[in-house]
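As structure tokens, the structure follows; a few thoughts come after it.
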Protein chains: 2
Amino acid sequence: MSPKITGELLRLLRQAMRNCKYFSEPIHAYIVPSGDAHQSEYIAPCDCRREFICGFNGSAGTAIITEQHAAMWTDGRYFLQASQQMDNNWALMKMGLKETPSQEDWLISVLPENSKVGVDPWIIAADQWKNMSKALTSAGHSLVAVQDNLIDVVWTDRPDRPSTQLRTLGLEYTGISWQDKITMLRGKMTERKISWFVATALDEIAWLFNLRGADINYNPVFFAYAIVGMNSIRLFVDLKRLSDTVVRDHLQLDSPRRPELSVQTFPYESVYTELQAICAALGPKDKVWICDKASCALTQVVPKAHRTPIPYTPLCLSKAVKNATEIKGMKMAHIKDAVALCELFAWLEKEIPNGNVTEISAADKAEELRSQQKDFVGLSFPTISSVGPNGAIIHYRPLPETNRTLTVNEVYLIDSGAQYIDGTTDVTRTVHFGTPSAFEKECFTYVLKGHIAVSAAIFPNGTKGHLLDSFARAALWESGLDYLHGTGHGVGCFLNVHEGPCGISYKTFADEPLEAGMIVSDEPGYYEDGSFGIRIENVVLVVPAKPKYNYRNRGSLTFEPLTLVPIQVKMMNTELLTQKEKDWVNEYHRRCREVVGVELERQGRMEALQWLVRETQPVV
Amino acid sequence: MSPKITGELLRLLRQAMRNCKYFSEPIHAYIVPSGDAHQSEYIAPCDCRREFICGFNGSAGTAIITEQHAAMWTDGRYFLQASQQMDNNWALMKMGLKETPSQEDWLISVLPENSKVGVDPWIIAADQWKNMSKALTSAGHSLVAVQDNLIDVVWTDRPDRPSTQLRTLGLEYTGISWQDKITMLRGKMTERKISWFVATALDEIAWLFNLRGADINYNPVFFAYAIVGMNSIRLFVDLKRLSDTVVRDHLQLDSPRRPELSVQTFPYESVYTELQAICAALGPKDKVWICDKASCALTQVVPKAHRTPIPYTPLCLSKAVKNATEIKGMKMAHIKDAVALCELFAWLEKEIPNGNVTEISAADKAEELRSQQKDFVGLSFPTISSVGPNGAIIHYRPLPETNRTLTVNEVYLIDSGAQYIDGTTDVTRTVHFGTPSAFEKECFTYVLKGHIAVSAAIFPNGTKGHLLDSFARAALWESGLDYLHGTGHGVGCFLNVHEGPCGISYKTFADEPLEAGMIVSDEPGYYEDGSFGIRIENVVLVVPAKPKYNYRNRGSLTFEPLTLVPIQVKMMNTELLTQKEKDWVNEYHRRCREVVGVELERQGRMEALQWLVRETQPVV
């Protein structure tokens with residue numbers, strides 16, 4: 001990895017900062033956040049502005065350029081990578097270390113009095129703008145919105161914004177028509193006396209209209225905005241995409257059945273002026289719902305007195321609770337995914353002794369096997385395929401220069417998933433193709449105990465996911481071990497593999513209570529630096545439980561695993577398992593054999609079937 | 001219980017609201033909060049203003065009086081009691097019910113345009129003022145500070161503010177001199193570049209100066225404020241209390257050894273003018289630490305630019321981490337407390353069959369037995385002594401009209417504690433003097449499993465208490481049961497039985513991580529309405545644990561029970577216990593027998609010793 005040469009780029013950028021064509025006065029500092037205008041987790045190439053200016057391509061990082069300095073803030077996952085990708089025009093600001101100043105404090109320390117700090121208001125979220133602006137103002141500076149993005153000014157070969165073909169999803173996949181989703185949304189708006197709702201998150205817009213795209217890798221979304229009123233629906237999207245008659249029919253663009261369900265379409269870029277027009281016509285009591293995480297540019301269009309900010313939108317919550325059709329689809333997707341993984345493991349077992357399977361080729365094989373399954377669309381995130389010490393790097397992704405060969409001597413961890421038209425998968429298995437050490441088995445078993453403790457937990461309706469996080473850690477804690485990541489995240493249905501508003505984490509965020517139909521991951525781990533990594537991840541569905549009693553008629557919930565891939569018995573120290581835990585493992589393996597076995601047989605994949613049968617023998 | 005007649009009082013109060021002697025304009029509504037000027041949990045009789053005006057004497061409630069209306073907000077614990085204690089001049093506002101408006105919404109709905117809402121700025125906390133003021137302002141009204149308390153204006157026979165004798169505590173009890181505490185506080189102030197610290201919480205002031213009082217029932221505190229600068233210490237207290245030479249010597253009032261440790265004393269009431277004088281002399285960079293929970297009156301004296309609000313003070317955190325001397329004292333106090341409880345249970349066993357032991361007489365007996373112990377000062381809270389269905393009322397306190405007789409047919413729950421000069425206790429035991437039902441035993445055993453799960457938990461340094469709450473519930477949840485209160489609270493050392501900033505609760509508040517030396521309660525329960533209540537409570541000390549591994553050198557913690565009172569084996573369904581849980585019970589009982597047995601023998605309390613030996617036989 002050689003660093004990007006940025007001297008000339010920075011010269012040009014500083015020129016633009018001084019150029020009053022872009023802002024009425026010279027800008028003394030310019031902030032380049034990571035994200036796009038929709039605060040997406042994964043972003044399209046045209047939005048990789050921070051990477052363009054400094055060279056660092058990790059998922060999190062903010063660059064700030066002043067006349068004299070250029071600095072980039074990122075967290076512990078990326079210190080090494082960032083230092084390798086950036087040249088010495090850049091100072092690496094290591095977040096989380098005591099001596100590292102915050103962006104605000106650093107700006108205040110280097111700027112001359114009364115400075116202007118510029119940022120593109122489209123790619124900074126409203127809540128971030130507020131905090132940064134407050135800090136700068138209190139030190140005599142000001143944060144200013146520069147409408148033209150100054151990186152784009154110097155980025156001569158910037159890729160176009162993707163505009164992939166839209167895919168319509170029928171009721172057989174979505175369970176609810178987009179018309180009914182609009183009606184449900186309006187019901188919630190009426191309940192809260194809201195006149196307009198502005199949708200900016202790409203997965204929410206895709207979900208609302210039962211449409212999918214491929215604008216961003218791994219995430220089947222498309223660039224769009226939507227504004228929904230009680231009698232109007234406005235969709236902002238590259239209009240070329242709407243020439244397809246299937247899409248036109250789906251949205252009933254040419255023959256809407258009911259006027260209040262007629263979709264008006266506008267170019268993607270006109271959301272700003274259209275929202276301005278809507279706001280100009282607001283009555284004194286009209287309220288507009290817009291998420292805290294929406295861009296500052298769009299948020300500020302809505303006058304403060306009319307703005308009802310929300311930590312997450314009603315679409316986010318509706319989307320999280322899957323309906324019966326979505327659940328059926330997710331189950332199907334997981335069975336197909338399990339078929340591919342059983343084949344992968346059977347193949348690995350055979351091939352590894354030959355010494356020519358690497359982290360990358362194993363990941364490629366997994367993708368190839370998945371792609372043979374019906375309705376496969378693509379991966380749901382970059383495969384983490386890691387051997388031995390690489391497994392201890394939590395966000396590892398194999399690169400040619402780090403690529404290790406799989407052997408019978410090291411632990412192998414593969415965290416992978418796919419998008420199928422009927423659902424999204426995300427599964428991690430940790431296996432050994434030779435003889436694991438006693439310590440590896442011990443750690444694996446603690447992780448397994450944590451996985452089971454969450455998966456088998458029974459808890460009252462109304463419980464928030466963060467209350468379950470410690471169950472995943474108790475066995476590790478008892479031996480003085482732990483893992484430094486959350487235990488689970490929401491999973492979309494043929495949508496983003498990470499979605500809100502629920503999850504299982506020691507970090508208590510504004511999470512909503514778990515309810516039946518929500519789908520989350522259960523993925524405790526243990527990482528021994530320089531040696532091995534262990535993670536056991538299933539995607540699980542929240543389902544009603546029927547315990548002996550029903551205190552205050554609250555009802556109880558538990559989880560049903562959707563992932564049906566055997567957990568390697570060879571890695572377990574069964575002496576550390578209680579009878580209840582062994583029963584859980586045996587029942588889980590029985591279901592894998594029963595459900596996935598039938599499908600393997602149907603597909604005639606007999607070697608994988610033999611592997612499955614062997615790997616699901618009961619433990620005693 | 002007959003309601004208080006309030007017609008004439010309300011007439012007088014409304015007269016005062018219109019009287020421009022108290023505020024320059026007439027007041028259209030007047031808010032009467034629960035608390036005192038120090039936001040104490042328990043308050044002195046002179047501060048029971050809400051009770052005086054409406055008759056309701058529960059611990060939580062806010063009264064609001066307008067020209068036309070009088071309304072009182074309280075929560076579910078008190079709906080019945082409030083409706084019985086208030087006459088029909090008052091509307092009971094049932095908090096937590098959907099149809100109940102918030103105080104703000106109610107005010108906005110009943111007030112004429114542009115109204116003034118008055119409140120005593122001394123008894124409303126700064127953060128509450130801020131929220132109420134914002135809501136009223138946005139509706140065109142205003143919240144105004146009325147310096148004279150209008151309840152006091154009409155309360156002709158209001159008791160005086162207590163001014164009990166101060167008690168000095170030597171190093172043998174506190175472990176650290178007040179001078180060293182001041183120096184430690186100044187160290188933290190220097191670290192954060194703070195010039196002044198304003199102490200308003202009574203337990204923090206008592207702790208800081210190693211003084212105790214008896215101004216408030218159950219809480220050994222005294223009315224005072226303190227302001228600490230880098231070179232000055234100001235104590236605001238009824239000066240009569242400082243005539244005692246022991247107190248004068250303790251505070252070195254007449255011969256301070258070092259000028260920066262010289263305590264200047266002022267009358268309690270002059271804190272306001274003295275803080276004004278300090279603030280008038282602040283340099284541009286001087287910062288003043290004051291807690292969010294301090295009164296609005298005092299907070300607003302500090303100009304906003306100089307104010308550094310904190311959710312809890314450095315004293316609160318220092319006080320929570322007990323030193324070796326305090327821990328030794330707490331252990332001693334708990335042994336003495338156990339002696340009294342062993343005697344109580346032996347006595348109850350003998351007396352109950354005679355049919356003349358009631359909830360009240362049992363509580364009185366417990367107090368009598370505790371008072372025989374060395375350095376007994378008083379109870380640490382009103383004893384909850386409850387039989388059968390009364391046990392299901394979580395905040396029950398026996399009254400003559402509810403008093404039940406203890407029998408061999410019903411479960412008995414006693415939650416009680418005392419103040420000794422060397423420590424504070426708080427213990428709950430649930431027992432049956434006949435034959436418990438299978439369901440009672442089942443529930444008791446789930447509660448016990450939860451109690452053990454917390455008490456025996458090993459967790460990493462830096463873990464917050466709320467992450468342990470679910471451990472206490474897992475066994476109940478598995479059977480569809482739960483309890484609707486937190487699992488534990490911080491406990492003071494010869495101070496308030498409830499103290500921050502740590503605790504164990506599903507409610508995530510701004511709690512600090514647990515650290516060795518902190519003391520909390522572990523008290524899961526189960527309440528079957530109309531039938532019985534179960535709670536098992538020990539006070540436990542956070543201590544270092546030494547598990548097999550030490551991930552990232554973080555270190556681990558666990559709990560050591562300070563409470564050493566047998567847990568009734570008769571109430572356990574031992575078939576539901578794991579071997580590990582049985583081992584925990586047997587080891588706990590072995591320690592009770594060993595430690596408390598020696599003390600019972602030393603005190604010659606042989607019947608109680610026999611009871612202890614019998615009740616601590618191993619379970620198999």
Side-chain angles (χ1 to χ4, degrees), chain A residues 138 304-305 439 442-443 446 453-454 456-484 487 504-511 513 526-529 544-558 578-580, chain B residues 138 304-305 439 442-443 446 453-454 456-484 487 504-511 513 526-529 544-558 578-580:
Chain A
S138 77
K304 216 171 168 183
F439 183 55
E442 183 184 359
C443 294
Y446 297 147
V454 170
I458 294 175
F459 49 92
N461 261 318
T463 302
K464 293 186 170 192
H466 69 255
L467 291 173
L468 308 180
D469 185 74
S470 303
F471 289 159
R473 299 177 200 273
L476 286 161
W477 282 357
E478 204 178 329
S479 294
L481 306 177
D482 199 4
Y483 55 97
L484 302 182
T487 301
I504 302 173
S505 177
Y506 58 96
K507 296 171 206 152
T508 52
F509 43 97
D511 61 340
Y526 176 72
Y527 309 92
E528 180 76 12
D529 283 344
K546 293 268 170 267
K548 196 166 167 189
Y549 305 110
N550 186 10
Y551 179 64
R552 303 214 164 184
N553 290 311
R554 278 203 292 176
S556 291
L557 299 170
T558 187
T578 63
Q579 189 54 49
K580 254 177 146 170
Chain B
S138 78
K304 216 171 168 184
F439 182 55
E442 183 184 357
C443 295
Y446 297 146
V454 170
I458 295 175
F459 49 92
N461 260 318
T463 302
K464 294 186 170 193
H466 70 254
L467 292 173
L468 307 181
D469 185 73
S470 303
F471 290 158
R473 298 178 201 272
L476 285 162
W477 282 356
E478 205 178 328
S479 294
L481 306 177
D482 198 4
Y483 54 96
L484 303 181
T487 301
I504 302 174
S505 178
Y506 58 97
K507 296 170 206 154
T508 52
F509 44 96
D511 60 339
Y526 176 72
Y527 309 91
E528 180 76 11
D529 282 345
K546 293 267 168 269
K548 196 166 168 189
Y549 304 110
N550 186 9
Y551 179 64
R552 302 214 165 184
N553 290 311
R554 278 201 293 175
S556 291
L557 298 170
T558 187
T578 64
Q579 190 54 49
K580 255 177 147 171

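To find a chain, count down the sequence lines: A is the first, B the second, and so on, and within it residues start at 1.
Neither the backbone nor the side chain of Gln579(B) comes within contact range of chain A; no heavy atom of the residue lies under 4.5 Å from a heavy atom of that chain. With a threshold of 4.5 angstrom between heavy atoms, Arg473(B) does not approach chain A through any atom at all. With a 4.5 angstrom heavy-atom cutoff, Tyr526(B) touches chain A only via side-chain atoms. In this structure, the portions of Asp482(B) lying under 4.5 Å from any heavy atom of chain A include both its backbone and its side chain. Heavy atoms closer than 4.5 Å to chain B are found nowhere in Thr578(A), neither backbone nor side chain. For Ser479(A), the parts lying near chain B are the backbone and the side chain together; criterion is any non-hydrogen pair under 4.5 Å.
Within the model, atoms OH of Tyr506(B) and NE2 of His466(A) stand 11.0 Å from one another, a figure rounded to the nearest 0.5 Å.
Among residues two or more places apart in sequence or in another chain, the salt bridge (charged side-chain N to carboxylate O under 4.0 Å, His left out) test is passed with Lys304(A) by none. Qualifying salt bridge (charged side-chain N to carboxylate O under 4.0 Å, His left out) partners for Lys580(A), counting only residues two or more places apart in sequence or in other chains: Glu478(B).
Judged by distance alone, the side chain of Ser470(A) and the main-chain N or O of Leu467(B) form a donor-acceptor pair under 3.5 Å.
Put simply, the side chain of Trp477(B) reaches to within 4.5 Å of the side chain of Thr463(A), judged on heavy atoms.
Aromatic pair Tyr549(B)/Phe439(A): centroids less than 6.0 angstrom apart.
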